[in-house]
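Keep in mind that this is a model prediction, so the values were computed, not measured.
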Amino acid sequence: MITAEKKKEIFKKFGANEKDTGSTKAQITLFTERIKEITGHLKNNKKDFSSTRSLINMVGKRKKLLKYLAKKDLEGYRALIKELNLRK
């Protein structure tokens with residue numbers, strides 16, 4: 001579970017300020033953190049199918065937001081991908 005302090009830190013770093021929860025970069029970063037946590041959970045609990053389904057949905061939402069960001073701000077997209085280590 002992501003704490004409120006961690007969320008504020010993410011929004012402060014990737015949004016305009018810590019109350020800017022709607023920016024695309026901040027949402028992508030939040031999804032990435034949640035995906036990492038659920039992936040770690042699923043390594044220990046392989047039969048947790050509801051978490052697996054949630055993970056797949058989150059990956060899809062993040063993919064849509066990344067596609068939107070690439071269309072609107074290509075340089076910002078490249079910087080975010082590099083900072084979050086999403087592509088190899």
Worksheet item: In Å and rounded to the nearest 0.5 Å, what is the CD to OG1 distance from Glu9 to Thr3?
Response: 8.5 Å
Practice prompt. Using a 4.5 Å cut-off on heavy atoms from C-beta on, say whether the side chain of Leu66 contacts that of Leu86.
Written response: yes
Worksheet item: Between Ile2 and Ile28, is there a shared hydrophobic cluster once you connect ILVMFWY residues whose side-chain heavy atoms come closer than 4.5 Å?
Response: yes
Fill in: Asn45 side-chain N/O to Asp48 backbone N/O, donor-acceptor pair under 3.5 Å
no
Worksheet entry | pair Thr29-Leu80: side-chain heavy atoms closer than 4.5 Å | yes
Practice prompt. Output all residues satisfying salt bridge (Lys or Arg N to Asp or Glu O under 4.0 Å) with Arg78, sequence neighbours left out; order by chain, then residue number.
Written response: Glu75
Discussion item. With rounding to the nearest 0.5 angstrom, report the NZ to CZ distance, Lys7 to Arg34.
Written reply: 7.0 Å
Item to complete: State yes or no: do Leu30 and Tyr68 share one hydrophobic cluster built from I, L, V, M, F, W and Y residues joined by side-chain heavy-atom distances below 4.5 Å, directly or via other members?
Response: no
Practice prompt. Among Asn57, Ile38, Leu42, find the one that has a side chain to side chain contact (heavy atoms under 4.5 Å, CB included) with Thr52.
Written response: Leu42
Item to complete: Find out if a path of hydrophobic residues (ILVMFWY) with successive side-chain heavy-atom gaps under 4.5 Å connects Leu55 to Phe49.
Response: no
Discussion item. Just so I know, are the side chains of Lys36 and Glu33 near enough to count as touching, which here means a heavy-atom distance under 4.5 Å?
Written reply: yes
Item to complete: State, to 0.1 Å, how close Phe14 and Lys25 come at their nearest heavy-atom pair, and which atoms those are.
Response: O-CB, 3.9 Å
Discussion item. If the condition is side chain to side chain contact (heavy atoms under 4.5 Å, CB included), which residues does Asn44 pass it with, not counting sequence neighbours?
Written reply: none
Discussion item. Using 0.5 Å steps for rounding, measure from the CE atom of Met58 to the CD1 atom of Ile35.
Written reply: 6.5 Å
Discussion item. Looking at every heavy atom in both Gly15 and Ala26, which two are closest together, and how far apart are they?
Written reply: N-CB, 4.3 Å
Worksheet item: Roughly how far, to the nearest 0.5 Å, is the NZ atom of Lys67 from the NZ atom of Lys71?
Response: 7.0 Å
Worksheet item: With sequence neighbours left out, what residues match Glu83 under salt bridge (Lys or Arg N to Asp or Glu O under 4.0 Å)?
Response: Lys13
